[in-house]
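Below: one structure, written as structure tokens.
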Number of protein chains: 2
Amino acid sequence: MSLPAVLTIAGSDPSGGAGIQADLKAFTALSCYGTSVITALTAQNTTGVRGVHACPPEFVQDQLESVLDDIDVFALKTGMLYDGATIRVVASTLKKYYSEKPLRLVCDPVCVSTSGHALLLDSALGSLIDEILPLATLITPNKSEAELILSHKQRKVTISSLADMTSASKELLTLGPRAVLLKGGHVTTTMKEVHELLEKDPAISVYKYGLLDENMNILQVALSEEDRISQLVVDVLQGSCGLGGEVGTSLFIRPRIESTSTHGTGCTLSTAIVCGLANGLTSNLFLLLPLWRLIAFCSVPEAVRNGTIYTYLGILHAFPVGAGHGPLNHTHSVVSRSVPRPCPRDRYPLTRALISSTASVWKEYVEHTFVKELGKGLLDKRCFVHFIKQDYHYLKYYARALALLAAKSTSFTAMATAMQSVQNVLHEISTNHKTFCTRWGVSEKELEETPESTATTAYGAYIMDIGFQCDTVKLNMALAACLLGYGEVGLWLADESKRPGSWVIMDESSNPYAPWIREYSGEMYQKAVEVGLATIEGIGSIAPVTEERFEEYVEIWRKCVMLEKGFWDMAIALS
Amino acid sequence: MSLPAVLTIAGSDPSGGAGIQADLKAFTALSCYGTSVITALTAQNTTGVRGVHACPPEFVQDQLESVLDDIDVFALKTGMLYDGATIRVVASTLKKYYSEKPLRLVCDPVCVSTSGHALLLDSALGSLIDEILPLATLITPNKSEAELILSHKQRKVTISSLADMTSASKELLTLGPRAVLLKGGHVTTTMKEVHELLEKDPAISVYKYGLLDENMNILQVALSEEDRISQLVVDVLQGSCGLGGEVGTSLFIRPRIESTSTHGTGCTLSTAIVCGLANGLTSNLFLLLPLWRLIAFCSVPEAVRNGTIYTYLGILHAFPVGAGHGPLNHTHSVVSRSVPRPCPRDRYPLTRALISSTASVWKEYVEHTFVKELGKGLLDKRCFVHFIKQDYHYLKYYARALALLAAKSTSFTAMATAMQSVQNVLHEISTNHKTFCTRWGVSEKELEETPESTATTAYGAYIMDIGFQCDTVKLNMALAACLLGYGEVGLWLADESKRPGSWVIMDESSNPYAPWIREYSGEMYQKAVEVGLATIEGIGSIAPVTEERFEEYVEIWRKCVMLEKGFWDMAIALS
């Protein structure tokens, strides 16, 4: 599983809420491989910017070339660029490296911090407009940045309504970027304005999130009056808005959240859009397409939609940090695997985790006195006969549970695997089990008439209960301890028997149980074990094993391992 | 859900594999709020370091003070500190801010890059030893860093075996840190050496990961001979090793992986340990303890164990980046929620996502012609009677499915909720439903004798099938469309009726169906809807709704919404 490489060219915020720090957090949360070129260090926190240490432009170039020489960057953003020389270096370097491949550049035209500190020198605005904007796939100004840019060469522009935003975004488009996202966080908008705009231009696309839409009356009942008439934030996307690069307008609408956790909102949004562009590429089978067509498959509106949702949820799920305007929660969407995915060099991580989590009881089961005595050939015949009889009863439950597994399966493959396991049990009963019984003088009638021990009922009924109560994943978990455990017991005894002077005797004349060991360490049974391992690991590779799920799995696994141990206990105590 | 704040004081690696970039990725993946103070910019990539631009020491101080003035940093690390002046500034600032609270500092004594570039000036080694080491909770040198540090003031030291590592780690401890983790990545070690060491000192603790341990024979069968005799990496922890700060030795053992993806391994490990210390704190109810006791509850070995596992898996799951020594995969453990957690300002994210994902069919269901005609009072009486009769049959399935839900529940609370729902259905049948039947002249005998329509069988049997096949989560999902949908239909009609001149007639003399609308928009039914919403959202708040799970949920939800629509279709077509 490879992640697409992305790049941010921006300033550093030591307090971690904005700048390349926010960008790297978002890259990580949004499954991209993040790289970063630092244009300037700042000393800042949630209360404001204390100072700026600009990086020499030539060292910005060194950083940028280091990245682009070595790593194939799919999409990138610029944030705080600070001065004109840096802007020119960035522009010329990007032009050089992307002369023959598509440049997917999101420009966040950062000018002033939330707290009012200049993050772009006044003298540099012209360079930003002339050098960077024409290279950009998308620019993402907020109200004041858009006003600054538009007022730079012409009359003073003020944006205070949705209509203003629409016309301003069209004007910004004439400066060269392929698309403009004019952010509405600082513009008050109502749904009425949206409807008026849509009446004038029905071709406008609308993307809503987090709003209680039509046919959602049941979700409104519990809301306070204040929440119900919540104000909106509307971002306006202008420019190449379709999958094929069609020109048009799109609106991205969500509820306005009153929050002080807004530090780094702009950085986060532009970064999340970069991730959308990069991930969109990889999910669009781009390897099959000629290079020059790539750009058409980056859906800007789709990336913007996902980016605005990620940023909105970051504010909604923010937790307090610092005394001023705190950061967004960049990890609102992140959940951790408790058990890693299987990979070629680690094929059984879930099975290993199950065994490790129950190491002592698993050992008591595998290396049980019953097993050891059986290995030595010293096991009391009556114990073995008792075991054989109870095993007969248990295997009925086991086969029924496997049949239930087949009945609960959703695919023919899963059904076939389960049915094959039923066949294996039926085969075991009619061959191996029968042989043992004949050898030990146990008739079929006697088998059937032997009363079921409590240990047998407990184990058998438990797997049936899991089967009736749970889904196939947990039923598979309940079936695993028996299948894998007997395989482990067989292999352990067989391995031990190979040591010089071993206590395990495999000569049938000295150990009447040698065929039993051969059976469970043999190829046929171990093939079944392999299938069982693949089933267990399949669980982990399809759905991530989070902490909660692992706890559920291990609860069933542990219970079964203990019931297995109880089964040996019962056999050796003849109870 | 708040994350503990952590800090890295280190260099910047634009290519994203090491330095503060690696640190911020690991912080994000390991659920910490990351902040970062940059000591030096580098221009580097996976093939090597091209240049270093040191940050002025006073600006390092500005950054550090910005962070510490505003944010309560629970644990921190130092990486590349570059020069003596920076080291002195960092040490004095940390002493100032942590004079009255415990400083949990992991010092990664970075000296030379993997590619051989100096990341600490020769002149600065003495300062690192004298100023930083005595402040550190833990230092994490590798072989060459340990050799450099130990050789600084005395004879030349060489470390080439596990025994060397043990004695070197003890010597390093005398330099002042409370614990030393001497990393074994560059020392060849065998299990034989480990056993020899353990024989000499049985008090040594051993933490293994990723090894095929005893009673894991079944997992070895499929391995190649090469994999089976894999070499080890052993890290040696020396110093305060217990939960209560006991002094001792611990070994952290894992398989050695042949890989070129090792760029940033040291940065990542020390950062992951910082996260372990910070998260260990928060999970230990530290708010209940007096501040000075906090330190005792940071388990260094536990943090080291988790850190080494995270780093090991990062190498194991690495994907290719760049032409040289590529980075680790910092996101190997990261899974994304597809639907956010519920929170006070967003109480129904999962229900909203289900409705949004099926918006058009949900609308066809809620605003069905049957519903509209019923609202207007124009619905053909025969259609309504047909509906009432089929609903009677359907509710039998529904009540049975609820009873099955109770039978499959694991808690008494869940059972009580399910049983209450069964009671609600029985109540509905004996009161409301009965009233309608009497009013419309349908006898109980006629009800029972009416043949079940295919639409009724399809819907009823489907929820029973989900109930038998799946767990309670999915059964709840299958039961939701009916409960929530009728609530939505009721509220929609009631809301519409309130508009001036509405098409919905609530006057019983003009609309014989008005009591039906009142029933489903009424308080009692809407209370049941609220319980249903809480059940659905409970699913999302207990286990994260990943993309795979959401797809499974929405599949069931969509099918049920379509079956609901089919039910109206059947009623209006009288078939």
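As a basis for the values below, the full set of heavy atoms in this structure was taken, side chains included, without hydrogen atoms, waters or symmetry mates. In what follows, chains are A, B, ... by sequence order, proteins preceding strands, each numbered from 1.
Using a 4.5 Å cut-off between heavy atoms, Val52(A) contacts chain B through its backbone alone, with no side-chain atom that close. Only the side chain of Arg549(A) has a heavy atom closer than 4.5 Å to any heavy atom of chain B. Only the side chain of Glu367(B) comes within contact range of chain A, with at least one heavy atom under 4.5 Å from a heavy atom of that chain. Contacts of Leu41(A) with chain B are made by both backbone and side-chain atoms, with heavy-atom separations under 4.5 Å. With a 4.5 angstrom heavy-atom cutoff, Ser12(A) touches chain B only via side-chain atoms. Neither the backbone nor the side chain of Phe27(A) comes within contact range of chain B; no heavy atom of the residue lies under 4.5 Å from a heavy atom of that chain. Both the backbone and the side chain of Thr410(A) come within contact range of chain B, with heavy atoms under 4.5 Å apart. If you measure heavy-atom distances from Phe468(B) to chain A, the contacts under 4.5 Å come from the backbone alone. Both the backbone and the side chain of Leu484(B) come within contact range of chain A, judged by heavy atoms closer than 4.5 Å. Proximity to chain B (any heavy atom under 4.5 Å) is restricted, for Trp362(A), to the side chain, taken from C-beta onward.
Aromatic ring centres of His330(A) and Tyr33(B) lie farther apart than the 6.0 Å criterion allows.
For chain A, the option among Cys343(B), Gly48(B), Gly487(B) with the highest count of heavy-atom pairs below 4.5 Å is Cys343(B). Chosen from Thr46(B), Asn45(B), Asp471(B), Asp465(B), the residue pairing most often with chain A at heavy-atom distances under 4.5 Å is Asn45(B). Ranked by heavy-atom pairs under 4.5 Å with chain A, the list Ala323(B), Ala5(B), Ala543(B), Gly210(B) is led by Gly210(B). Contacts with chain A were tallied for Glu547(B), Arg352(B), Glu548(B), His317(B); Arg352(B) has the most, counting heavy-atom pairs under 4.5 Å. Among the candidates Asn329(B), Val366(B), Ile38(B), Val529(B), the residue making the largest number of heavy-atom pairs closer than 4.5 Å to chain A is Ile38(B). Per-residue heavy-atom pair counts under 4.5 Å with chain A were compared for Lys474(B), His332(B), Glu552(B), Glu214(B), and the maximum is reached by Glu214(B).
No side-chain donor from either of Asp13(A) and Gln21(A) sits under 3.5 Å from a side-chain acceptor of the other. Between the side chains of Ser66(B) and Gln44(A), no donor N or O sits under 3.5 Å from an acceptor N or O.
Tyr520(A) and Tyr525(A) have perpendicular rings, their planes meeting at more than 60° on a 0 to 90° scale where under 30° would count as parallel.
Minimum heavy-atom separation, Ser15(A) to Thr35(B): O-CG2, 3.4 Å. Closest approach of Thr28(B) to Leu24(B), counting heavy atoms only: OG1-O, 2.7 Å.
Note that the CG atom of Asp495(A) and the OG atom of Ser521(A) stand 8.5 Å from one another [nearest 0.5 Å].
Partner of Arg50(B) under the salt bridge (charged side-chain N to carboxylate O under 4.0 Å, His left out) criterion, out of Asp69(A), Asp62(A), Asp70(A): Asp69(A) alone. Considering Gln63(A), Glu65(A), Glu58(A) as possible partners of Gln61(A), the one that fulfils the side-chain hydrogen bond (donor to acceptor under 3.5 Å, both in side chains) test is Glu65(A).
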